[in-house]
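Chain identifiers are assigned alphabetically (A, B, ...) following the order of the sequence lines, protein sequences preceding nucleic acid strands; residue numbering begins at 1 within each chain.
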There are 2 protein chains.
Amino acid sequence: MVRNSAIRRLPLYYRHILKMQKDGIQYTSARILSELTGVHKTQIRKDIALTGLVGVPRRGHCVNALIKAIAEYLNWNDISSAFLVGAGNLGKALMNFDSFEKSGMKIISAFDVNVHEIGVVINDIEVLPMDKFSDLIKRMHINIGIITTPPEVAQEIADIMVAAGIKGIWNFTYTQLEVPDDIVVESVDLYRGLGVLSMRLGNIDNLSDEE
Amino acid sequence: MVRNSAIRRLPLYYRHILKMQKDGIQYTSARILSELTGVHKTQIRKDIALTGLVGVPRRGHCVNALIKAIAEYLNWNDISSAFLVGAGNLGKALMNFDSFEKSGMKIISAFDVNVHEIGVVINDIEVLPMDKFSDLIKRMHINIGIITTPPEVAQEIADIMVAAGIKGIWNFTYTQLEVPDDIVVESVDLYRGLGVLSMRLGNIDNLSDEE
DNA sequence: TAGATTGTTAATCGATTAACAATC
DNA sequence: TAGATTGTTAATCGATTAACAATC
């Protein structure tokens with residue numbers, strides 16, 4: 001079983017390597033990537049090894065080959081289609097992220113229950129009424145469901161998505177979704193990061209008070 | 001040094017305990033929280049111990065005391081003021097999150113370079129021109145800077161924030177910010193999660209192909 | 001060749017889980 | 001009392017880092 005922590009580092013390397021390609025650099029090494037990202041060089045070697053790419057001693061890795069290997073490993077070449085549910089500001093923000101397509105995902109349509117949002121087109125993505133969701137998702141080959149609704153309805157939406165045959169859910173609410181084991185769920189819980197920020201800032205204040 | 005991983009779990013318990021309070025439940029236990037969150041019960045005991053709260057054998061922990069202890073530990077009681085830079089959709093989405101105030105942070109003003117956004121008021125937060133940023137931040141007691149700009153300008157904004165005396169940065173771009181050691185940075189990099197989702201979905205497809 | 005880098009194995013570190021005495 | 005839960009110490013697990021032979 002490959003560890004998620006390794007998979008999470010690969011997009012980081014990827015962006016730096018992409019920049020190197022743009023700058024016309026042909027070869028890079030674990031040492032260089034380590035300096036750029038702060039990740040230990042042995043870690044980087046192991047992560048690259050996951051992709052199956054073999055490097056050249058004394059020269060490092062070919063930038064073009066690295067890009068290809070990482071994109072292939074992360075399955076970023078064949079793009080999954082996604083439906084987004086909840087076309088509020090957060091939903092709209094995601095619809096505006098063009099570069100998701102470079103990361104293996106394309107948002108095809110958005111859905112909302114709010115009549116004021118229906119018909120709105122953002123970045124070529126139309127907001128449709130929620131009651132068309134199940135019908136459309138079965139007809140099209142949609143793999144990913146994105147949930148940007150209020151937390152109270154997240155589980156309900158997830159259930160609808162699973163019933164419609166979705167394979168992966170990107171959940172932007174703090175609700176912990178209950179889904180079958182074969183469904184991949186990736187959650188972004190903003191409050192957890194905010195806890196760290198708030199807690200660490202509190203410690204700084206307390207320290208200076210003690211001086 | 002307290003581990004970030006523990007701090008990240010506390011907001012999770014907090015929400016479940018808050019719900020218990022709402023439902024009139026007076027006592028809870030590590031076993032119950034474990035069932036709700038999926039976190040191991042010993043882990044939960046250790047995390048609660050961090051807050052300094054002592055439980056009652058055979059009964060568990062008092063819900064009200066737990067809420068108080070976690071909020072205090074995460075420093076969620078004294079609310080830090082924040083300035084947000086980048087009033088696009090993502091920035092607006094964050095401005096609309098009222099519940100951040102319950103998590104120790106309040107967004108006071110937003111800033112943007114786009115003249116069309118200036119003057120816009122969202123959820124009582126006004127969007128001001130970026131050139132007023134440094135002046136205002138020095139006059140008010142602002143601890144947190146939120147970056148929801150395009151990634152290319154994130155470092156520049158971070159530099160301005162640090163120069164203006166900000167103590168913590170919540171970074172929503174994938175740019176890896178370079179800041180002095182005493183600045184707390186919490187980053188939300190959407191692409192890293194998308195890598196996991198895409199990669200795991202690819203494996204599912206491959207597995208079914210092999211059947 | 002000399003030296004920088006790879007890839008891998010071993011050691012360390014930290015986080016998670018198991019075990020268990022103490023307690024009400 | 002009996003039994004469920006706490007809090008803590010010990011054991012395990014996994015991830016990170018160090019060490020080093022192989023290579024061009």
Side-chain angles (χ1 to χ4, degrees), chain A residues 1-13 16-17 20 25-70 73 176 192-193 195-196 199-200, chain B residues 1-13 16-17 20 25-70 73 176 192-193 195-196 199-200:
Chain A
M1 179 63 175
V2 181
R3 300 118 0 180
N4 266 5
S5 50
I7 300 171
R8 270 178 220 286
R9 283 188 296 265
L10 286 170
L12 196 62
Y13 311 150
H16 285 283
I17 300 163
M20 291 174 191
I25 297 166
Q26 299 212 335
Y27 272 82
T28 190
S29 71
R31 184 185 54 77
I32 293 170
L33 283 171
S34 175
E35 274 169 27
L36 289 169
T37 61
V39 178
H40 194 280
K41 62 192 196 312
T42 305
Q43 189 93 79
I44 291 174
R45 289 211 184 93
K46 287 198 169 184
D47 293 340
I48 290 174
L50 283 178
T51 69
L53 191 69
V54 175
V56 185
R58 229 180 81 82
R59 294 187 78 183
H61 289 270
C62 170
V63 162
N64 289 335
L66 257 177
I67 289 172
K68 196 159 166 274
I70 294 177
Y73 184 75
Q176 288 177 277
R192 301 180 82 161
V196 176
M199 194 272 184
R200 298 255 175 251
Chain B
M1 180 65 173
V2 181
R3 300 114 5 175
N4 266 6
S5 50
I7 301 171
R8 270 178 221 285
R9 283 188 296 266
L10 286 170
L12 194 62
Y13 311 151
H16 284 283
I17 300 164
M20 291 175 191
I25 298 168
Q26 299 211 337
Y27 272 82
T28 190
S29 70
R31 184 185 53 78
I32 292 170
L33 284 170
S34 175
E35 274 169 27
L36 289 169
T37 62
V39 177
H40 194 279
K41 63 193 196 310
T42 305
Q43 189 94 78
I44 291 174
R45 289 212 185 91
K46 286 199 170 180
D47 292 340
I48 290 174
L50 282 178
T51 69
L53 190 70
V54 175
V56 186
R58 229 178 82 80
R59 292 186 79 183
H61 288 269
C62 170
V63 161
N64 290 334
L66 256 178
I67 288 171
K68 195 159 165 273
I70 294 177
Y73 184 74
Q176 288 177 277
R192 300 180 82 159
V196 175
M199 194 272 185
R200 298 256 176 250

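As a whole-Å value, the separation of L53(A) CG from dT5(C) P is 17 Å. Going from atom CZ of R45(B) over to atom P of dA22(C) covers 16 Å, rounded to whole Å. Computed from coordinates, the D47(B) CG to dT6(D) C1' distance equals 15 Å when rounded to whole Å. Put simply, CD1 on I48(B) is 8 Å from P on dG7(D), counting in whole angstrom units. Atom CD1 of I44(A) is separated from atom P of dT6(C) by 10 Å (rounded to the nearest Å). The NE2-P distance, from H61(A) to dA4(C), rounds to 18 Å in whole Å. When rounded to the nearest whole Å, the span between CG of L33(A) and P of dT6(C) equals 9 Å. With rounding to whole Å, K41(B) atom NZ is found 13 Å from dC20(C) atom P.
Within a 6.0 Å sphere centred on CD of Q26(B), heavy atoms belonging to other residues, nucleotides or ligands number 12 at most.
Between Y27(A) and V63(A), every side-chain heavy-atom pair lies at or beyond the 4.5 Å cut-off.
Side-chain atoms of T51(A) do not come within 3.5 Å of backbone N or O of Y73(A) as any donor-acceptor pair.
Note on T42(B): a base of the nucleic acid sits closer than 4.0 angstrom, heavy atoms only. Nucleic acid contact class of A6(A) (heavy atoms, under 4.0 Å, all strands): none. Among the atoms of the strands shown, base atoms are found under 4.0 Å from some heavy atom of K46(A).
Closest to the side chain of R9(A), out of dT16(D), dT16(C), dC24(D), is dT16(D). Proximity note for R31(A) (side chain, C-beta onward) versus dC24(C), dT17(C), dT5(C): the nearest is dT5(C). Of the listed nucleotides (dG7(D), dT16(C), dT23(C)), dT16(C) has the atom at the smallest distance from the side chain of S5(B). Considering only side-chain atoms of H40(A), the nucleotide from dA18(D), dT16(D), dT23(D) that sits closest is dA18(D).
With a cut-off of 3.5 Å on both pairing distances, the Watson-Crick or G-U wobble partner of dG14(C) is dC13(D). With a 3.5 Å ceiling on both atom-pair distances, the Watson-Crick or G-U wobble partner of dC20(C) is dG7(D).
Put simply, CZ on R192(B) and CG on L12(A) are 4.5 Å apart, with the number rounded to the nearest 0.5 Å. Atom-to-atom distance recorded for M20(B):CE and H61(B):NE2 is 11.5 Å, nearest 0.5 angstrom.
Comparing Q43(B) and P57(B) against DNA chain C, the residue whose closest nucleotide sits nearer the 5' end is Q43(B).
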